[in-house]
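All of these numbers come straight from a predicted model, not from anything done at the bench. So that the names make sense, note that chain A is the first sequence line, chain B the second, and so on, each numbered from 1.
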Protein chains: 2
Amino acid sequence: MQEAVDALGYHPRASARTLRSSRTHVIALALPRPAGQRNAVDGPFAIEVSDAAVRLGYDLLLTTSQDKAEGLRRVALSGLADAAVLMAVDMEDARIDVVRELAFPAALIGRPADEDALPWTDLDWEEAAALVVSELAAAGHREMVYLAPTEAEVVARRSYALRGIAGATRGARSTGAAVTVAHAVDDPAGLARRLRVLLTERADGGAGGRPTALIVQHPSAHHHILTSVTDAGLRIPEDLTVVVIGALPGDPAGRRLPRVELPVETLAGEVTRLAVAAATALHETAAGDVEAGPRLLADAVGHLLIAPALLPGDMPLTAPRA
Amino acid sequence: MQEAVDALGYHPRASARTLRSSRTHVIALALPRPAGQRNAVDGPFAIEVSDAAVRLGYDLLLTTSQDKAEGLRRVALSGLADAAVLMAVDMEDARIDVVRELAFPAALIGRPADEDALPWTDLDWEEAAALVVSELAAAGHREMVYLAPTEAEVVARRSYALRGIAGATRGARSTGAAVTVAHAVDDPAGLARRLRVLLTERADGGAGGRPTALIVQHPSAHHHILTSVTDAGLRIPEDLTVVVIGALPGDPAGRRLPRVELPVETLAGEVTRLAVAAATALHETAAGDVEAGPRLLADAVGHLLIAPALLPGDMPLTAPRA
DNA sequence: CTGTTAGCGCGTTCAG
DNA sequence: CTGAACGCGCTAACAG
């Protein structure tokens, strides 16, 4: 058989197979791209999801559209994919309504406000931030700066940004440490300026003294955070302890600092599994029963919230100098 | 009409359309991923190619396989895409033979040894390296280090790596400057060590004195190059001029240094155009004439070699101190 | 120019 | 158990 296949060069047409079986063996990755924004984690996620899909016998269709929901709707309606994986999830995400309305199988990388709407998986950003704050407090730090994602991310109600800030606030409350939440800016010069102000010239009149720890949740800032801090005239870790949240595994830039890594491979594998599971479940049930589809998708919402782990860098958490 | 479409919620099935018309309106992006390697430019390229494809009315299928050629062959044979865009091109790339054998329309990001095999587009890496060397020489530098991509990239005969090195060598010959070609390592600590040796403890006995300029072609190293150099005890630009080749536009890390940027958007747009052109040409001709396909694809090989531009950073090219 | 029909290639089903 | 035929949804080609 196989030799005949090879000899004749025969290969089934995917389109005919799909037309007949109504399965595409394709997963769509919905990657919204606000004009002009560059997100360092998009690429790695896309590649890992693709790998995970291949392992499950699926191909990956990359859907990048300015208008978040439009591309996804088109893909679902034209039957280009069996399921969708949604990246860069907002608290209330328009795409969630779209896939529910169309009864289209989907899974999210990111934890939306309505946790039972769709299957999702995410790092527990809130717990990560709270954990770092409390570990730093335990090491003796009383004044910290939490450098959250940019203002734009917060305005967009991006899930990871809001949850990170919530965790930092909770950590501050439960430990009694003073945590100033600031927003990153993409421009490195601007970021350096902001850090200088935050770390050396306390705007609040210096009620509690100079901050001794900096927590950085903005992924794009990880690379130049050291330079920025050094430029501000501070030595690490003598003057300032720096901890990174959401560092990419294998990223050399983050390896020196204590950090909570973003488990890209795990998240990608899990979200793909969830998406494929929803697709197969729908396919097996929807035969003849048009009501069953939406009901089934609503019931089969699994979650995986990944607990944060604080990894030591080359330089471990340091106690502030007296 | 449109209101009827919206009201009835009708949308044509892509699979039926494809089966009938033998056009998928999908472009495959072949992104080989040697196990465990992370390439910083893959993500941005994938996203830009996706955007370019959408603009031309195509969707993008991301094909990441360990075995470079196998995924591509499957996509072509099963008719999942109308054309392929090939990334991370080697001088003699196995995938080139595959698409030619199958008469499958394809275009490359990268300049292969056989320039007439397929349409391609690339930054002129050779000219970029030669340009930087000669500009540095003109500024008075006599001893330079060219930090090329890793040994592994060279062994794989990756096009951009070999051409960059060739350009550095040519630049050295034509200017009389001494250019030491070294290979980057992915481990940042190892890189720092290597740089220290190269920049301060010349292994050749110091025949020509300490290097006064460093040219970095390794994309992954751009982020921590400043830190590594600073750690080696050298001040920029007083002790050493650093120039970066292949920096990503908009990457904050590279913006401070003089650099030749990798025009990701242009390359992505152009390669997508080439791929779509090949696909439509094949489609229009192949009707009934089985011979015409391969002939046509062989004839329609357009190229675009992008001339490098040396951009000033915050700190312009500096003459070496006497 | 508009309406009708055949068939793209596969998987499933039904008859032999 | 093996083989033929039907139909998935669309578009191109053809007839009116």
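- Counting only heavy atoms from C-beta outward, the side chains of A/Y160 and A/E153 approach each other to under 4.5 Å.
- Remark: the A/S15 side chain and the B/T18 side chain contain no N/O donor-acceptor pair separated by less than 3.5 Å.
- Aromatic ring pairs are classed by plane angle as parallel below 30°, tilted from 30° to 60° and perpendicular above 60°; the pair A/H303 and A/W120 is parallel.
- Here the side chain of B/S50 pairs no donor or acceptor atom with the backbone of B/A46 at under 3.5 angstrom.
- Between B/A52 and B/A268 the shortest heavy-atom distance is CB-O, 4.1 Å.
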Query - Dot-bracket encoding of pairs in DNA chain C, which uses [ ] for pseudoknotted crossings and | for another strand, Watson-Crick or G-U under 3.5 angstrom - result: ||||||||||||||||
Query raised in the report: When every nucleotide of nucleotides 3-14 of chain C is labelled 5' to 3' by its protein contacts under 4.0 Å (heavy atoms), B for base, S for sugar-phosphate only, - for none, what sequence of letters results?
Result: ----BBBBBS--
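- When all heavy atoms are compared, the tightest approach of B/V301 to B/A117 is CG1-O, 3.8 Å.
- Nearest heavy-atom pair across A/A53 and A/I27 is CB-CD1, 4.5 Å.
- Looking at B/D59 and A/R74, a side-chain N of the basic residue comes within less than 4.0 Å of a carboxylate O on the acidic one, giving a salt bridge.
- Note that the first and last nucleotides of DNA chain D, 5' to 3', having any atom under 4.0 angstrom from a heavy atom of chain B are D/dG9 to D/dA12.
- Residue A/Y58 forms a side chain to side chain contact (heavy atoms under 4.5 Å, CB included) with just one option from A/V26, A/V49, A/D82, and that option is A/D82.
- A/D122 places no side-chain N or O within donor-acceptor distance of the main-chain N or O of A/D124, the cut-off being under 3.5 Å.
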